[in-house]
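From a predicted model like this one, the values you see are computed outputs, not experimental measurements. Proteins come first, then strands; the chains are lettered A, B, ... in the order of their sequence lines, and each starts at number 1.
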Amino acid sequence: MAWKRKHLLTIRELEPDEIRLILDTADSMKEIASREIKKVPTLRGKTLINLFYEPSTRTRTSFEIAGKWLSADVVNVSTTVSSVTKGESLIDTGKTLQAMRPDVVVIRHPVPGAPKILADRLEASIINAGDGAHEHPTQALLDLMTIRERLGRLQGLTVAIVGDISHSRVARSGIQAMRKAGMEVRVAGPATLLPRHPEQLGAQVTTDMETAIADADVIMMLRIQSERQGPTLLPSLREYSRLFGLTVERVKRAKEGVLIMHPGPLNRGIEIAPEVADGPYSLILDQVTNGVAIRMALLYLLTGGQAAEG
Amino acid sequence: MKVIEKAQIMDAAAIQRSLTRVSHEIIEKNKGTADLVLIGLRSRGVDIARRLSQRLKEIDGGNVPVGALDITLYRDDLGKGGPQPTVRKTEIPFSIDKKKVILVDDVLYTGRTTRAALDGLMDLGRPRLIQLAVLVDRGHRELPIRADYVGKNVPTSKTEQVQVMLQEEDGVDRVVIMEATEDDR
């Protein structure tokens with residue numbers, strides 16, 4: 001099939017075939033990381049602007065490297081040191097950047113829908129790198145790639161996602177992507193951190209961690225999103241960690257060969273024990289490596305022939 | 001606008017014989033198989049490269065490793081309209097430094113694919129030399145590129161297409177000329 005989209009804003013709008021195409025393309029891109037000369041000329045002369053309104057280590061560096069390995073010119077705009085501090089609006093910032101003729105703008109923003117605001121107004125292709133608690137499509141895609149790479153398939157697998165589901169764009173994108181790939185999803189967390197209408201997620205919902213992770217093929221731990229919560233949702237981090245932390249003992253009781261994942265950054269000792277994060281079942285660093293491949297694949301697909309005309 | 005088969009120019013036996021002859025030419029020109037590697041261009045070039053490697057082993061006894069190169073990311077026509085090609089994986093599990101690389105493709109036409117392959121190879125290492133083996137040379141070069149080994153020279157016109165079918169991919173060995181015609185309705 002051929003890629004037809006100009007933007008990558010949500011997992012929600014993607015068809016399973018499109019997800020498969022992204023994963024297959026990313027598999028081919030991954031080989032470039034193992035070369036001595038990590039460069040291909042494909043996006044030579046194209047300009048990529050990373051517009052990040054929130055802090056990021058993984059995502060931003062990953063997009064920057066992905067662009068550079070494809071020979072694109074990459075510019076990072078970090079709003080904390082930009083004219084946004086002087087009160088410039090999102091739309092004005094977008095128009096200003098568009099006047100410099102970028103081919104792709106990658107945006108991370110605390111308000112849901114911000115990427116769409118740019119997509120409707122700019123000529124560049126827009127990629128959503130995380131908009132509030134709404135979606136984080138590239139994270140979901142690299143998670144699928146990592147699971148598929150390790151287990152050889154996606155269909156029929158069971159994934160348990162544990163943590164602050166209600167504030168997690170990783171969970172929202174991830175659950176949708178997994179269901180489109182034919183996977184079964186369970187989510188677990190304290191009642192205060194589960195969404196108000198959990199049945200709409202399409203996942204099994206529980207407040208008991210053991211139930212969620214019992215014979216799951218993959219356990220994905222989420223970070224407590226303190227920057228998105230108010231002060232009253234958890235009695236204490238220690239209680240959270242006791243009830244919902246992924247300890248060595250819990251991993252022992254899980255399925256043999258279970259895969260452990262985490263989008264990062266880790267709160268060692270809170271949602272995940274250090275020994276588990278660094279242990280043999282942990283795919284946390286593979287996720288990061290695959291993030292570059294997925295983002296290279298998206299940059300290639302979005303700047304391709306048909307998409308550019310659309 | 002339909003594409004129809006105009007003529008078959010090679011059958012299975014003809015393909016066999018030309019690959020055998022090309023294998024002998026490779027050994028003759030390189031004085032043996034030492035330091036040779038075969039790099040096929042995805043995807044039918046890879047099948048041909050494997051067949052050549054097999055024959056080289058039968059004739060000379062040497063093991064000539066085979067790699068697969070995907071040149072999609074090096075093409076000069078991306079983003080210029082038309083459907084976007086699928087990127088496949090480059091798999092060359094050995095070093096090409098100081099090796100005699102024989103690039104293998106099914107059809108040589110404008111030469112732009114070969115140009116892309118040369119760029120791709122240079123990013124992967126520094127071969128001692130690079131030679132080009134093709135099953136069919138159909139003329140109409142747009143770049144100063146030529147093949148060292150040719151299975152068959154086939155003069156064609158620009159409205160024609162040359163389609164190579166191989167057992168490994170298409171279930172049958174044959175080479176045909178296709179032409180696009182106007183629908184007569």
Side-chain angles (χ1 to χ4, degrees), chain A residues 1-6 17-18 20-48 66-72 103-104 124-125 145 148-149 290 293-310, chain B residues 37 39-46 49 65-99 101 103 110-128 130 143 145 169:
Chain A
M1 64 154 295
W3 182 265
K4 289 190 170 58
R5 287 183 195 276
K6 185 173 176 197
D17 270 348
E18 292 176 291
R20 209 165 299 128
L21 176 59
I22 297 170
L23 298 184
D24 289 343
T25 306
D27 277 347
S28 304
M29 294 292 187
K30 187 166 176 170
E31 172 266 325
I32 296 169
S34 53
R35 299 186 186 183
E36 207 175 297
I37 298 183
K38 298 189 239 320
K39 195 74 124 172
V40 290
T42 321
L43 258 59
R44 198 174 72 100
K46 302 274 192 226
T47 300
L48 162 67
K68 286 182 164 161
W69 284 0
L70 290 167
S71 298
D103 299 278
V104 182
S125 287
M145 178 182 178
R148 189 173 90 158
E149 188 178 54
N290 289 341
I294 285 283
R295 288 157 183 140
M296 288 176 77
L298 286 169
L299 290 175
Y300 169 77
L301 291 168
L302 290 179
T303 54
Q306 280 184 343
E309 285 158 41
Chain B
V37 304
I39 308 263
L41 301 189
R42 286 214 181 271
S43 50
R44 289 185 181 80
V46 183
V66 176
L69 179 65
D70 180 81
I71 54 105
T72 312
L73 300 176
Y74 292 85
R75 293 173 67 123
D76 64 7
D77 61 350
L78 292 174
K80 298 208 178 8
Q84 209 190 5
T86 314
V87 189
R88 278 173 284 216
K89 231 190 280 206
T90 289
E91 286 175 87
I92 302 180
F94 45 81
S95 167
I96 60 170
D97 288 342
K98 301 203 177 78
K99 296 283 191 230
V101 172
L103 276 178
T110 62
R112 292 180 191 270
T113 301
T114 309
R115 195 277 320 156
L118 291 174
D119 279 352
L121 275 186
M122 295 306 183
D123 277 352
L124 295 172
R126 191 178 189 280
R128 191 157 118 207
I130 301 177
L143 298 174
I145 299 238
E169 205 126 336

Seminar exercise, completed: In short, B:K89 meets A:S28 closest at the heavy-atom pair N-OG, 3.5 Å
For this session: First locate atom OG1 of B:T86, then atom CH2 of A:W3, and finally report the distance between them rounded to the nearest 0.5 Å.
Result: 13.0 Å
Exercise. For A:M29, is it the side chain, the backbone, both, or neither that has a heavy atom closer than 4.5 Å to a heavy atom of chain B?
Worked result: side chain
Exercise. How far does CG of A:L302 sit from CD of B:Q84, to the nearest 0.5 angstrom?
Worked result: 9.0 Å
Exercise. Which residues, numbered in order, of residues 67-75 of chain B come under 4.5 angstrom of chain A by heavy-atom distance?
Worked result: B:T72, B:L73, B:Y74
Seminar exercise, completed: Turns out that what part of A:I32 lies under 4.5 Å from chain B's heavy atoms comes down to side chain
Seminar exercise, completed: salt bridge (charged side-chain N to carboxylate O under 4.0 Å, His left out) filter on A:R35, not counting sequence neighbours, yields A:E31
For this session: Look at atom NZ of B:K98 and say whether more than 12 heavy atoms of other residues, nucleotides or ligands are closer to it than 6.0 Å.
Result: no
For this session: For B:R42, enumerate each residue passing the salt bridge (charged side-chain N to carboxylate O under 4.0 Å, His left out) test, keeping only those at least two apart in sequence or located in another chain.
Result: B:E91
Problem set entry | For B:S43, all residues meeting side-chain contact (heavy atoms from CB on, under 4.5 Å), sequence neighbours excluded | B:R88, B:E169
Exercise. Got a second to check how far A:E36's CD is from B:L124's CG, nearest 0.5 Å?
Worked result: 10.0 Å
Exercise. Could you state the interatomic distance from CG (A:L43) to CG (B:L78), rounded to the nearest 0.5 Å?
Worked result: 9.0 Å
